> 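Take this structure first; my questions come after.
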Amino acid sequence: MPKSRIRKKDDFTPPPAKTTNLKMNSGRGWVAPLMLAMFLIGLAWIVLFYVSEGSLPIRALGNWNIVCGFGFIAVGFGVSTQWK
């Protein structure tokens with residue numbers, strides 16, 4: 001059986017290094033203040049509801065005030081996904 005010829009392998013040349021300019025603040029300076037504001041508003045809403053025995057912040061909502069407070073906190077978590 002005939003022998004196949006041996007192929008010479010090319011020398012390895014590494015790919016050129018990528019240069020990236022990373023900015024720590026990439027135009028999203030609004031994320032952290034808004035996130036913290038949503039957390040604090042939600043917490044204050046729930047605490048105010050319990051301290052006032054249901055008469056504040058909005059009496060007509062009743063126990064749905066708790067849901068509103070947790071809604072603000074959920075929005076804060078949603079905004080936190082944009083934080084780098």
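None of these values were measured; they are calculated from a predicted model. Numbers here are sequence positions counted from 1. Only heavy atoms go into these numbers, but all of them, side chains included; no hydrogens, no water, no symmetry mates.
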> Do F72 and L61 belong to the same hydrophobic cluster, where Ile, Leu, Val, Met, Phe, Trp and Tyr are linked whenever their side-chain heavy atoms lie under 4.5 Å apart, directly or via other members?
yes

> Answer whether the closest heavy-atom distance between the side chains of V79 and W30 falls below 4.5 Å.
yes

> How close do I46 and I73 get, heavy atom to heavy atom, and via which atoms?
CD1-CD1, 4.3 Å

> Can you see which heavy atom on F39 is nearest to which on F77, and at what distance?
CE2-N, 3.6 Å

> Among the clusters formed by ILVMFWY side chains lying less than 4.5 Å apart, do V67 and V47 turn up in the same one?
no

> Hey, are the side chains of F49 and I58 touching, using non-hydrogen atoms and a 4.5 Å cut-off?
no

> If you take all heavy atoms of P57 and L48, which pair is closest and at what distance?
CB-CD2, 4.1 Å

> Under 4.5 Å between side-chain heavy atoms, counting indirect links through other Ile/Leu/Val/Met/Phe/Trp/Tyr residues: same cluster for W45 and Y50 or not?
yes

> Specify the closest pair of heavy atoms between M35 and G76, including all atoms of both residues, with the distance to one decimal.
CG-O, 3.5 Å

> How long is the span from the OG atom in S80 to the CG atom in L34, to the nearest 0.5 Å?
10.5 Å

> Tell me the closest heavy-atom pair linking T81 and G78, and the distance in Å.
OG1-O, 2.7 Å

> Are V51 and L43 joined in one hydrophobic group, where the rule is that I, L, V, M, F, W and Y side chains link up if heavy atoms are under 4.5 Å apart?
yes

> Is W64 reachable from V75 through a run of I, L, V, M, F, W or Y residues, each pair having side-chain heavy atoms under 4.5 Å apart?
yes

> Looking only at non-hydrogen atoms, find the nearest pair between G62 and N65 and report the distance.
O-ND2, 3.0 Å

